[in-house]
Amino acid sequence: MNDQQVKNLLASLAIAAIGCLAYWAYDAQVRVDEYRDKVTSLSENIQAMSAKQLADQESNLKDLEENKLVDDRVKVLEATVSEQQARITELEAKLSRKKK
């Protein structure tokens, strides 16, 4: 091989190597973009799930507070009914004494 052929061969190899490097760089960038998109999508999903969980927790807390209020009202009503039953029993006893 003469000098010119060696130079041409080296130039061809250099061009091929640069082409391979350029392709690998492009392929790597495509993968980076794909991973970035996946990470963004996952982050959005996590944020959406977190927001839903927070909303559910707030709703559950509100339900618990409402249930406590209802329980308190029930206790007051039960106490009132007990008082009225005791009063009725008292009045029935008085009536039965008066009838005798």
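Residues take their numbers from the sequence shown, with the count starting at 1. On a predicted model such as this, the values are computed, not experimentally measured, just so you know.
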Please tabulate, for side-chain N and O atoms in residues 61-72, each donor-acceptor pair with protein atoms closer than 3.5 Å (sequence neighbours left out).
{"unit_1": "N67", "atom_1": "ND2", "unit_2": "D63", "atom_2": "O", "d": "3.4"}
{"unit_1": "K68", "atom_1": "NZ", "unit_2": "D72", "atom_2": "OD2", "d": "3.3"}

With sequence neighbours left out, write down each residue that passes side-chain hydrogen bond (donor to acceptor under 3.5 Å, both in side chains) with [X], or none if nothing qualifies.
X	value
E90	R87
Q29	D33
K52	D56

> Out of curiosity, does V6 fall in the hydrophobic cluster containing L9 (side-chain heavy atoms, cut-off under 4.5 Å, transitive links)?
Replying inline: yes
Distance-only check: which donor-acceptor pairs under 3.5 Å involve side-chain atoms of residues 73-86, not counting sequence neighbours?
{"unit_1": "T80", "atom_1": "OG1", "unit_2": "V76", "atom_2": "O", "d": "2.9"}
{"unit_1": "S82", "atom_1": "OG", "unit_2": "E78", "atom_2": "O", "d": "3.1"}

> Can you name the side-chain contact (heavy atoms from CB on, under 4.5 Å) partners of Q5, sequence neighbours left out?
Replying inline: M1, N2
Can you list, pair by pair, the side-chain donor-acceptor contacts under 3.5 Å of residues 39-49, counting residues two or more places apart and other chains?
{"unit_1": "T40", "atom_1": "OG1", "unit_2": "R36", "atom_2": "O", "d": "2.9"}
{"unit_1": "S43", "atom_1": "OG", "unit_2": "V39", "atom_2": "O", "d": "2.9"}

Side-chain donor-acceptor pairs under 3.5 Å in residues 10-28, sequence neighbours left out?
{"unit_1": "S12", "atom_1": "OG", "unit_2": "N8", "atom_2": "O", "d": "3.0"}
{"unit_1": "D27", "atom_1": "OD2", "unit_2": "R31", "atom_2": "NE", "d": "3.4"}
{"unit_1": "D27", "atom_1": "OD2", "unit_2": "R31", "atom_2": "NH2", "d": "2.6"}

> Does any pair with a residue in residues 5-26 pass salt bridge (charged side-chain N to carboxylate O under 4.0 Å, His left out), and if so which ones, sequence neighbours excluded?
Replying inline: none
